[in-house]
Asks: 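Please see the structure below; I have some questions.
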Amino acid sequence: MWYVIQVTTGKEDDIAGNLKGKGIRALVPKENRLVRNSGSWTQKEYILFSGYVFLDMKYNAANYYKVKGIPGVLRFLGERGNPSRLSYLEAEWVLLLTGKDNAPIEPTVAKVQEDGNIKVMSGVLTKLENRITKYDKRNRKATFEITICGEKKEVQLSIQLDGDTVEIAETTEVVEDASKE
C-alpha cells in the first residue's frame, strides 16, 4: 500500500534514500522545470510535492518505527494513529509523475494550434490531458488536478512549445516537431 509522509522541506531526497536503505520503497516526484533566465529557457530540477515523500510499504509497527526513526520525518498523513492510504488511482498518478529510478520527468512537448489552443504532443501530460485545467503559454506551464489522500491538489508541469530552444547544462537542445514522427 502507498502512504505519504510529511518531511522537513529540502530533505526529501535524503529521507527517501535513507528509507530505501531500510528496504522501504520511497519516491519523490520531480521534474526538470523550464525557467526563463536572461531571455532564454533553461531547466532546473524541481520537487513537485515539496515536503512530502511517497512510500510503498506494508504498514505495521516495525515499518512505522523504521520511518519515524529517520531524522526529518514529521508525520504520516492521515488521522493520528491511522495514516491515510493512497487509492489505486492516486498511486498510479504518483508513479506517472516519478521518472525512471526516481529521476526528474522531462517537460511535455506541446504545439500551439492555429486557433490558439494547445495540443499535447508527447510527455507525461498525454496521460493527464483530460485533467488539465489551464495552460500558461508565456510561463510554459500546464496546471492539472489530482487527488492525494482524497484531497484535491493542483499541480503545475512545464510544457515545452514545439520548436523552443532550451539550454541544458552546456548544450542547447531544440525540440523538433513531434507530429512529424
Asks: Has the side chain of T108 got a donor or acceptor atom that lies under 3.5 Å from a matching backbone atom of L125?
Replies: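 At least one qualifying donor-acceptor pair exists.
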Asks: Going by side chain to side chain donor-acceptor pair (under 3.5 Å), name the residues that satisfy it together with D115, two or more places apart in sequence or in a different chain.
Replies: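 In terms of side chain to side chain donor-acceptor pair (under 3.5 Å), with neighbours along the sequence ignored, D115 is linked to N117.
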Asks: Determine which pairs satisfy ring-ring contact (aromatic ring centres under 6.0 Å, His included) with at least one residue from residues 1-30, sequence neighbours left out, and list them in order.
Replies: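 For residues 1-30, and leaving out neighbouring residues, the ring-ring contact (aromatic ring centres under 6.0 Å, His included) pairs sorted by first residue read Y3-Y59.
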Asks: How many angstroms lie between atom CD of E31 and atom CD1 of I105, to the nearest 0.5 angstrom?
Replies: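 Answer rounded to 0.5 Å: 6.0 Å.
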Asks: Do you know the tightest heavy-atom contact between Q156 and L48?
Replies: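 Closest pair (atom of Q156, atom of L48, distance): O-CD2, 3.9 Å.
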Asks: Hey, mind stepping through L96 and V124 against side-chain contact (heavy atoms from CB on, under 4.5 Å) and telling me if it holds?
Replies: CA-CA 7 Å; L96 183 64; V124 170; 3.9 Å; yes
Asks: What distance separates I15 CD1 from I5 CD1, expressed to the nearest 0.5 Å?
Replies: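 Taking CD1 in I15 and CD1 in I5, the distance rounds to 6.0 Å.
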Asks: With hydrophobic residues grouped by side-chain heavy-atom distances under 4.5 Å, do V67 and V7 end up in a single group?
Replies: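 Per the 4.5 Å side-chain linkage, V67 and V7 are co-clustered.
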Asks: Can you hop from F54 to Y88 via hydrophobic side chains spaced under 4.5 Å?
Replies: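 In one cluster with F54: Y88, no.
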Asks: So, for A110 and I118, which heavy atoms are closest and what is the spacing to 0.1 Å?
Replies: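 Closest heavy-atom pair between A110 and I118: CB-CG2, 3.5 Å.
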Asks: Is it true that L86 and M1 fall in one hydrophobic cluster, defined by side-chain heavy atoms closer than 4.5 Å?
Replies: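 Hydrophobic grouping puts L86 apart from M1.
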Asks: Please report the closest heavy-atom contact between I159 and A142, naming both atoms and the distance.
Replies: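 Closest pair (atom of I159, atom of A142, distance): CG2-CB, 3.9 Å.
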Asks: Atom CD in E151, atom NZ in K153: separation rounded to 0.5 Å?
Replies: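 So the gap between those two atoms works out to 4.5 Å.
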Asks: If you link ILVMFWY side chains whenever their heavy atoms are less than 4.5 Å apart, which other residues fall into the same cluster as L74? By chain and number, please.
Replies: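 ILVMFWY cluster around L74 holds nothing else.
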Asks: Please list all pairs passing the side-chain hydrogen bond (donor to acceptor under 3.5 Å, both in side chains) test where one or both residues lie in residues 62-79, with sequence neighbours left out.
Replies: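 Checked against side-chain hydrogen bond (donor to acceptor under 3.5 Å, both in side chains) - neighbours excluded - the pairs reaching residues 62-79 are Q6-R75.
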Asks: Please, which pairs that meet salt bridge (Lys or Arg N to Asp or Glu O under 4.0 Å) have at least one residue in residues 86-102, sequence neighbours excluded?
Replies: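 For residues 86-102, and leaving out neighbouring residues, there are no salt bridge (Lys or Arg N to Asp or Glu O under 4.0 Å) pairs at all.
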Asks: Quick check: closest heavy atoms across K20 and A26, and the distance to 0.1 Å?
Replies: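 Smallest heavy-atom distance, with atoms named: CE-O, 3.1 Å.
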Asks: Evaluate the criterion side-chain contact (heavy atoms from CB on, under 4.5 Å) for residue pair I146 and V155; output intermediate values, then yes/no.
Replies: CA-CA 8 Å; I146 59 173; V155 181; 4.2 Å; yes
Asks: Roughly how far apart are F144 CZ and I132 CD1, rounded to 0.5 Å?
Replies: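 Taking CZ in F144 and CD1 in I132, the distance rounds to 8.0 Å.
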Asks: Look only at the side chain of S50 and the backbone of I47, and say whether a donor-acceptor pair between them is shorter than 3.5 Å.
Replies: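 Looks like no, no N/O pair under 3.5 Å.
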Asks: Distance-only, no hydrogens or angles: does the T98 side chain make a donor-acceptor pair with backbone N or O of V94 under 3.5 Å?
Replies: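 Indeed, once roles are kept as given, a pair shorter than 3.5 Å links the two residues.
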Asks: Which residue pairs satisfy the salt bridge (Lys or Arg N to Asp or Glu O under 4.0 Å) criterion with at least one member in residues 43-55, sequence neighbours excluded?
Replies: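 Every salt bridge (Lys or Arg N to Asp or Glu O under 4.0 Å) pair that includes a residue of residues 43-55, provided the two are not neighbours, is K30-E45.
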Asks: Group every Ile, Leu, Val, Met, Phe, Trp and Tyr by side-chain heavy-atom contacts under 4.5 Å, then state whether L27 and L55 land in the same group.
Replies: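 No: no chain of side-chain contacts under 4.5 Å links L27 to L55.
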Asks: Using the rule given for side-chain contact (heavy atoms from CB on, under 4.5 Å), can you reason through L157 versus K141, listing the C-alpha separation, both sets of side-chain angles and the distance that settles it, and then say yes or no?
Replies: CA-CA 6 Å; L157 287 180; K141 289 186 174 70; over 6 Å; no
Asks: Go through the steps for L161 and R140 under the test side-chain contact (heavy atoms from CB on, under 4.5 Å), then give the verdict.
Replies: CA-CA 7 Å; L161 296 181; R140 306 292 197 267; 3.5 Å; yes
Asks: Rounded at 0.5 Å granularity, tell me how far CG in N32 sits from CD in E106.
Replies: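 One gets 4.5 Å once the value is rounded to the nearest 0.5 Å.
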Asks: Partners of E145 by salt bridge (charged side-chain N to carboxylate O under 4.0 Å, His left out), sequence neighbours excluded?
Replies: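 Scan of E145 (salt bridge (charged side-chain N to carboxylate O under 4.0 Å, His left out), adjacent residues dropped) gives K152.
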Asks: Would you mind listing every salt bridge (Lys or Arg N to Asp or Glu O under 4.0 Å) that reaches into residues 47-63, with sequence neighbours excluded?
Replies: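 Every salt bridge (Lys or Arg N to Asp or Glu O under 4.0 Å) pair that includes a residue of residues 47-63, provided the two are not neighbours, is R25-D56.
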Asks: Without swapping roles, check the side chain of S158 against the backbone of L34 for a donor-acceptor pair under 3.5 Å.
Replies: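 Flag set: sc S158 to bb L34 pair under 3.5 Å.
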Asks: Let me check something: do V73 and L19 share a hydrophobic cluster, defined by ILVMFWY side-chain heavy atoms less than 4.5 Å apart, either directly or through other members?
Replies: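 Result: yes, single cluster for both.
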Asks: At their closest point, which heavy atom of S84 faces which heavy atom of C149, and how far apart are they?
Replies: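 What the structure gives for the nearest pair is CB-SG, 3.7 Å.
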Asks: By side chain to side chain donor-acceptor pair (under 3.5 Å), which residues pair with E12, not counting sequence neighbours?
Replies: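 Residues passing side chain to side chain donor-acceptor pair (under 3.5 Å) with E12: none at all.
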Asks: Evaluate the side-chain proximity of Y52 to L77: yes if any heavy-atom separation is below 4.5 Å, no if none is.
Replies: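 L77 reaches Y52 side chain to side chain.
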Asks: Just by modelled atom types, is the L128 backbone N or O under 3.5 Å from a matching donor or acceptor in the R131 side chain?
Replies: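 Side chain of R131 to backbone of L128: no pair is present.
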Asks: State which residues pass side chain to side chain donor-acceptor pair (under 3.5 Å) with N37; sequence neighbours excluded, sorted by chain then number.
Replies: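 Testing N37 for side chain to side chain donor-acceptor pair (under 3.5 Å), a comparison that skips the adjacent residues, returns none.
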Asks: Checking salt bridge (charged side-chain N to carboxylate O under 4.0 Å, His left out) for the pair E129/K127: CA distance, chi angles, key distance, verdict?
Replies: CA-CA 6 Å; E129 202 165 4; K127 295 183 174 129; over 6 Å; no
Asks: To which residues is V35 joined in a hydrophobic cluster, defined by side-chain heavy-atom contacts under 4.5 Å among Ile, Leu, Val, Met, Phe, Trp and Tyr, whether direct or through other members?
Replies: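 None; V35 is a cluster of one.
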Asks: Could you check whether any side-chain N or O of T8 sits under 3.5 Å from a backbone N or O of G72, counting only pairs where one atom can act as donor and the other as acceptor?
Replies: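 Yes; at least one donor-acceptor contact below 3.5 Å.
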Asks: Just by modelled atom types, is the V28 backbone N or O under 3.5 Å from a matching donor or acceptor in the N102 side chain?
Replies: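 Yes, because the side chain of N102 sits within donor-acceptor range (under 3.5 Å) of the backbone of V28.
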Asks: Roughly how far apart are I70 CD1 and I24 CD1, rounded to 0.5 Å?
Replies: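 It comes to 6.5 Å.
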Asks: Just jot down the side chain to side chain donor-acceptor pair (under 3.5 Å) partners of D136, sequence neighbours excluded, or say none.
Replies: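 By the side chain to side chain donor-acceptor pair (under 3.5 Å) rule, D136 matches N139.
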Asks: Y46 ring centre to R33 NZ or CZ under 6.0 Å, with the angle to the axis within 45°?
Replies: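 Relative to the ring axis of Y46, which defines the angle, R33 lies inside both limits.
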